[in-house]
Amino acid sequence: FPVTIAGAVFRRGRLEWQGGWRYLYFSRNQTRALEPRFSVIRRSVRSTWSLGYGHTHQQQQTSTYVHASSTKLPFTRSRQLFMEHQWIPFVGLTWRQTIYYHLQSSVPVADHDGVFSSMNQFDELIPRPLYEDGKFQVKPTGTADHLGWETMVEKRFDAGYYVLASGVVS
């Protein structure tokens, strides 16, 4: 369960600093994590620039724990860095662009021909060749990095309706 244990916002003129810590605990294997997050935001009448960093953790899918040879798998770690620009050319229209970078570590991978990584697992069953002695053999030694750009345009109308168009290149 995630719990935010501390957070703060400081403003001075058009600049804003946000920071905080979040604590995670997964009772199945008593895994704990402390996550720092911070961002700097500069606001003007029609434009906002943001720069931020976060260190997040994620538990594995339930099927990975059920089939794994060890319940001691740690959280997958992700360090995230982003820069975002939001522009409001006129009331009701917002254009947002974000550049981001993620670096993942402690990703469970199979030590069997490199055919399994929990990064690529969705809701499918785990392939039979990854079992040894009736147990699914994974180790938290995988890494991944991800660089991307996202753009989004939002048009708001009266009565609360809106249209949203977005795209991602990664």
Side-chain angles (χ1 to χ4, degrees), residues 1-62 64-65 71-109 117-122 140-170:
F1 64 92
V3 177
T4 301
I5 58 173
V9 176
F10 301 99
R11 291 187 181 98
R12 184 173 183 111
R14 294 182 176 181
L15 285 178
E16 180 177 308
W17 294 269
Q18 299 177 353
W21 294 88
R22 192 172 84 146
Y23 174 77
L24 292 173
Y25 176 73
F26 184 48
S27 61
R28 178 171 171 87
N29 61 5
Q30 290 79 44
T31 303
R32 295 169 170 80
L34 192 58
E35 303 178 336
R37 298 162 185 218
F38 69 89
S39 62
V40 177
I41 302 166
R42 183 186 182 279
R43 301 181 193 281
S44 66
V45 175
R46 295 187 178 207
S47 179
T48 302
W49 285 92
S50 305
L51 179 65
Y53 171 81
H55 188 147
T56 60
H57 297 76
Q58 179 178 330
Q59 72 186 45
Q60 313 310 321
Q61 292 190 38
T62 305
T64 303
Y65 289 104
T71 58
K72 297 293 183 189
L73 288 174
F75 289 122
T76 295
R77 296 180 179 98
S78 180
R79 290 158 187 87
Q80 305 161 349
L81 182 65
F82 76 91
M83 183 172 66
E84 180 177 278
H85 180 246
Q86 179 176 306
W87 180 46
I88 303 171
F90 53 87
V91 175
L93 183 70
T94 303
W95 181 23
R96 178 178 297 135
Q97 296 188 77
T98 307
I99 297 172
Y100 55 88
Y101 176 73
H102 297 173
L103 175 63
Q104 283 93 11
S105 61
S106 299
V107 177
V109 294
S117 166
S118 67
M119 296 292 286
N120 300 326
Q121 180 189 16
F122 295 102
T141 57
T143 60
D145 63 342
H146 187 138
L147 178 64
W149 170 69
E150 178 181 13
T151 187
M152 180 184 73
V153 177
E154 178 182 327
K155 172 61 178 143
R156 293 197 168 272
F157 300 98
D158 294 334
Y161 294 101
Y162 64 92
V163 174
L164 184 70
S166 65
V168 176
V169 176
S170 64

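- Residues passing the ring-ring contact (aromatic ring centres under 6.0 Å, His included) test with Tyr53, sequence neighbours excluded: Phe38.
- Inspection of the Trp95 and Thr151 side chains reveals an N or O donor paired with an N or O acceptor under 3.5 Å.
- Considering only heavy atoms from C-beta on, Phe26 stays 4.5 Å or farther from Leu24 through its side chain.
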Between Thr98 and Trp149, does the side chain to side chain contact (heavy atoms under 4.5 Å, CB included) criterion hold? Intermediate values first, please. CA-CA 6 Å; Thr98 307; Trp149 170 69; over 6 Å; no

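- Taking each heavy atom of Ser50 and Ile41 in turn, the nearest pair found is OG-CG1, 3.8 Å.
- Between the side chain of Gln80 and the main chain of Thr56, no donor-acceptor pair closer than 3.5 Å is present.
- With rounding to the nearest 0.5 Å, the separation of CZ in Phe90 from CD1 in Ile88 is 11.0 Å.
- The two atoms that bring Phe75 and Arg32 nearest to each other are CE1-C, 3.9 Å, heavy atoms only.
- Looking only at side-chain heavy atoms (C-beta outward), Thr94 and Gln86 come within less than 4.5 Å of each other.
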Atom pairs and distances, donor-acceptor, side-chain atoms in residues 152-160, under 3.5 Å, two or more places apart:
{"from": "Glu154", "atom 1": "OE2", "to": "Arg156", "atom 2": "NE", "distance (Å)": "2.7"}
{"from": "Glu154", "atom 1": "OE2", "to": "Arg156", "atom 2": "NH2", "distance (Å)": "2.9"}

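- Shown here are the ring-ring contact (aromatic ring centres under 6.0 Å, His included) partners of Trp49, two or more places apart in sequence or in another chain: His85.
- A salt bridge (Lys or Arg N to Asp or Glu O under 4.0 Å) check over residues 91-107, counting only residues at least two apart or in different chains, returns the pairs Glu84-Arg96.
- No donor-acceptor distance shorter than 3.5 angstrom exists from the side chain of Arg43 to the backbone of Thr48, with no hydrogens or angles considered.
- Scanning for ring-ring contact (aromatic ring centres under 6.0 Å, His included) contacts around Tyr100 gives His102, His146, with sequence neighbours left out.
- Counting only N and O atoms by type, the side chains of Arg77 and Ser106 include a donor and acceptor under 3.5 Å apart.
- Checked against side-chain hydrogen bond (donor to acceptor under 3.5 Å, both in side chains), His55 has no partners two or more places apart in sequence or in another chain.
- The CZ atom of Phe10 sits 11.0 Å away from the CD atom of Glu16 when rounded to the nearest 0.5 Å.
- The distance from atom OG of Ser78 to atom CG of Leu103, rounded to the nearest 0.5 Å, is 7.5 Å.
- Taking CG of Leu81 as the reference point, atom CG of Leu51 lies at 6.0 Å (rounded to 0.5 Å).
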